[in-house]
Amino acid sequence: MQIMSGAVDTVAVESHSKISDLLTYSDVLAFALDPIYNRPIGGHPHYLAGMEMRRFLRDSKCTEKDCARVVVKNRTNALKNVSSAYGTKLTTDDVKRSPEVFSPLRQLDISNLVDGSIVMVLASAKKAKEICDNPVWITGIGWNSDTPWIENRDWGRAEYAESATQMAYKMAGIKHPSSDIDFAEIDDKFSYKELEHIQAAKLCRKGEAGKRLRKGTFDSEGRLPVNVSGGSLGCGNLVEAAGLHRAMEVALQLRGHAGRHQIRKVVKRGLALSWRSIPTATGGAVVMEVGR
Amino acid sequence: MRKVACIGAGMTLFWRRLQETGKEMCWEAASMALDQAGLTLKDIDMVVLGSAPDAFDGIHMKGENLLDGAGGAKKPYMRVFTGGGTAVFTPIAAWWHIASGLANKVLVLCEEKMSSVFPHPQSAFGHIWDPILDRPLKPNLVWIFAMEMNRYMTKHGIKKEDIARIAVKNKRNAVDHPCAQLPDPNITVEDVLNSEVMAWPVQRLDISPPSDGASALVKTSEKVAKKVSDDIAWVEGTGWCIDKTMWTCRDLVFPEYVARAAKQAYRMAKIDNPRKQIHVAEPYDPFDYKECHHTEGLLLCDKGKAPSMTKEGITYRDGDLPICPSGGLLGVGNPIAATMGIKAGEIYWQLTQQAGKRQVKNDPEVGVCQAWGDLMQYGSVLVMRRG
């Protein structure tokens with residue numbers, strides 16, 4: 001917006017996490033709950049993710065095993081990403097054997113917190129053409145917040161992500177996201193969230209995220225690779241910087257700079273989708289393209 | 001660049017408001033601004049909220065907690081934060097939303113609730129310092145300001161009573177503000193000079209009080225504004241700038257960051273002689289000397305000459321260049337971000353002749369407001385012109 005308004009030509013965008021300084025993550029998270037109605041309930045606020053996962057599984061035809069498949073896919077993908085911290089070979093049985101911490105959410109369904117910093121440089125079209133040979137164009141942006149009351153949300157779907165992606169698609173002139181978008185980097189702070197967000201972004205038909213995942217559509221070699229970088233499950237959860245991390249990975253892929261985790265097929269248009277994590281219902285989406 | 005209009009403003013009483021939640025205060029200010037603009041929440045495309053550190057309200061990610069009170073639920077909603085600078089930075093962020101073409105009608109909210117911090121918000125400020133170099137010294141904000149004020153007075157040979165006169169002006173101006181926390185119609189320079197010394201040369205009455213409150217603006221595109229409103233102020237220029245993180249490396253005499261932000265805004269507004277072309281100003285005045293600092297940073301007078309402007313009567317409501325006609329933070333109160341109501345809000349009311357008893361006498365066409373924040377090194381500047 002700063003560039004589109006004409007106020008400035010170039011902007012550096014920085015976002016970082018230094019979460020290792022924090023010893024009491026769950027206590028700080030509890031401070032994000034409404035002080036009168038929700039905070040007195042106590043406990044680690046991740047119980048909200050457990051409740052949401054159960055409702056999502058009931059509404060969506062996805063299974064716990066599909067969520068485990070997301071974990072396996074992303075952590076395997078991360079093995080090829082040099083800046084990832086949690087790349088490893090796992091099986092769905094490993095996930096199933098991990099302790100059920102916030103039923104049905106298991107230990108391995110939750111991304112691990114990491115430190116890191118992301119920087120992107122944005123420029124106006126005129127400036128970009130002057131200083132850069134292969135710019136990536138931002139063709140659509142969108143963001144949205146659902147109600148802050150956890151009691152009032154539709155728990156079976158990510159309404160904020162639906163609205164945010166719709167806004168971005170409209171700006172980018174995308175009518176059929178599942179065929180118009182070549183690949184996506186999608187928030188996966190919890191395994192089920194990736195599936196929920198894929199459906200919200202209309203990258204598959206409603207209720208088909210699990211089925212598509214099983215068919216390999218979202219694998220790095222698939223028709224619509226999702227989180228080739230490894231996502232938050234594979235790279236680690238950069239907390240508030242995780243959204244810019246998703247956007248940066250899209251830019252790297254489009255420029256062909258992703259190194260060992262570069263998608264083999266030619267990619268021209270990617271989607272990054274972020275979520276602000278528990279207990280919020282806030283998300284952002286950005287569509288980026290090359291070769292325009 | 002699309003033209004952006006301000007067509008409504010609202011604010012709550014600034015006070016210790018333990019009985020109300022931040023959401024409720026947001027709602028109160030937002031409804032006032034929407035009523036004045038003649039719009040309802042359904043008309044609004046996007047919402048921008050400004051609020052300073054989460055520590056004050058005691059709510060982590062408090063922008064999320066406030067979002068329904070601010071009218072942001074199920075809309076593109078954004079919280080911005082540049083410390084005290086938020087008060088003018090939030091309307092600047094709203095300007096991007098419209099100038100970029102993304103939105104036509106934006107609701108701008110600022111909220112702060114400092115009374116939740118026990119025993120005093122000062123304890124939350126203890127965490128803003130560099131953890132390695134500064135924090136072990138256990139600094140207190142007032143000490144730093146005392147050093148800055150001392151340096152300013154020493155460098156320019158300014159007397160304490162000339163600075164105290166600004167506190168007197170603002171607290172007397174605040175008498176006419178219905179939201180004011182510390183108005184005093186009878187205050188004198190002697191009262192300020194005899195008040196308790198906090199850290200020399202800063203005395204109790206040199207400082208603005210911590211406060212709770214919310215304020216709101218409605219901004220729209222040119223087309224919408226002309227259709228729905230007769231009381232329009234155009235946003236003509238915006239500027240923002242930040243200096244070094246370490247306060248030990250800064251010029252304590254002149255706020256260069258404010259000057260750069262002001263130059264950016266003036267360039268956009270095509271103002272080349274601010275002293276002549278600006279008719280009313282609302283610089284950030286959490287301390288009386290800060291009004292002087294910022295008046296100079298806004299290039300409204302020469303360096304070191306701001307205190308004499310008040311001595312000569314130029315900055316009063318009937319003067320040539322009224323400064324802080326609202327009563328400022330010193331008089332109305334300092335709920336950090338929510339001071340938008342007495343900065344951008346006041347300039348809007350002054351330019352559209354809606355300030356009532358506070359109305360300045362020089363029939364202003366162009367006004368400037370400014371806020372200052374982050375680690376005392378951030379300036380945000382907004383220039384408006386009457387429609």
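First the proteins, then the strands, lettered A, B, ... as listed; each starts at 1. Values in this document were obtained by computation on a predicted structure and should not be read as measured data.
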Original post:
Side chains of Arg2(B) and Met4(A): does their closest heavy-atom pair fall under 4.5 Å?
Top reply: no

Original post:
Between Leu102(B) and Met171(A), does a side chain to side chain contact (heavy atoms under 4.5 Å, CB included) hold up when you go through it step by step?
Top reply: CA-CA 9 Å; Leu102(B) 282 179; Met171(A) 200 183 294; 3.0 Å; yes

**OP:** Pick one of side chain, backbone, both or neither for Met268(B), based on which atoms fall under 4.5 Å of a heavy atom in chain A.
**Re:** side chain

Original post:
Could you name the residues of residues 144-160 of chain A that have a heavy atom within less than 4.5 Å of a heavy atom in chain B?
Top reply: Asn144(A), Ser145(A), Asp146(A), Thr147(A), Pro148(A), Trp149(A), Glu159(A)

Original post:
Picking from Val47(B), Asp68(B), Asp57(B), which has the most non-hydrogen pairs under 4.5 angstrom with chain A?
Top reply: Asp68(B)

Original post:
Which distance, rounded to the nearest 0.5 Å, do you find between the NE2 of His97(B) and the CE of Met1(A)?
Top reply: 4.0 Å

Subject >> Engaged part of Lys75(B) at the chain A interface, taking heavy atoms whose separation is under 4.5 Å >> reply: backbone

Subject >> Sequence neighbours excluded, every pair satisfying side-chain hydrogen bond (donor to acceptor under 3.5 Å, both in side chains) that has a member inside residues 41-51 of chain B >> reply: Thr40(B)-Asp43(B), Ser51(B)-Lys62(B), Ser51(B)-Glu111(B)

Original post:
Going by residue number, which parts of residues 366-373 of chain B are within reach of chain A, meaning a heavy-atom gap below 4.5 Å?
Top reply: none

**OP:** Identify which of Ala99(B), Ala73(B), Pro76(B) forms the greatest number of heavy-atom pairs closer than 4.5 Å to chain A.
**Re:** Pro76(B)

Original post:
About how many Å separate CE of Met61(B) and CG of Leu33(A), when rounded to the nearest 0.5 Å?
Top reply: 8.5 Å

Subject >> Residue list, ring-ring contact (aromatic ring centres under 6.0 Å, His included) with Phe31(A), at least two apart or on another chain >> reply: none

Original post:
From Ile92(B) CD1 over to Gln2(A) CD, what is the distance, rounded to the nearest 0.5 angstrom?
Top reply: 9.5 Å

Original post:
How about Lys23(B) and Asp34(A): do any of their side-chain heavy atoms sit closer than 4.5 Å?
Top reply: yes

**OP:** Give, as side chain, backbone, both or neither, the part of Ile36(A) having an atom under 4.5 angstrom from any heavy atom of chain B.
**Re:** side chain

**OP:** Name the region of Ile59(B), side chain, backbone, both or neither, that has any atom closer than 4.5 Å to a heavy atom of chain A.
**Re:** both

**OP:** Using a cut-off of under 4.5 Å on heavy-atom pairs, state which of Val4(B), Leu66(B), Leu67(B) scores highest against chain A.
**Re:** Leu67(B)

Original post:
About how many Å separate OG1 of Thr280(A) and CG of Asn65(B), when rounded to the nearest 0.5 Å?
Top reply: 12.0 Å

**OP:** Answer yes or no: does atom OH of Tyr25(A) have more than 12 heavy-atom neighbours from other residues, nucleotides or ligands under 6.0 Å?
**Re:** yes

**OP:** Verify the neighbour count for atom CH2 of Trp27(B): are there more than 12 heavy atoms of other residues, nucleotides or ligands below 6.0 Å?
**Re:** no

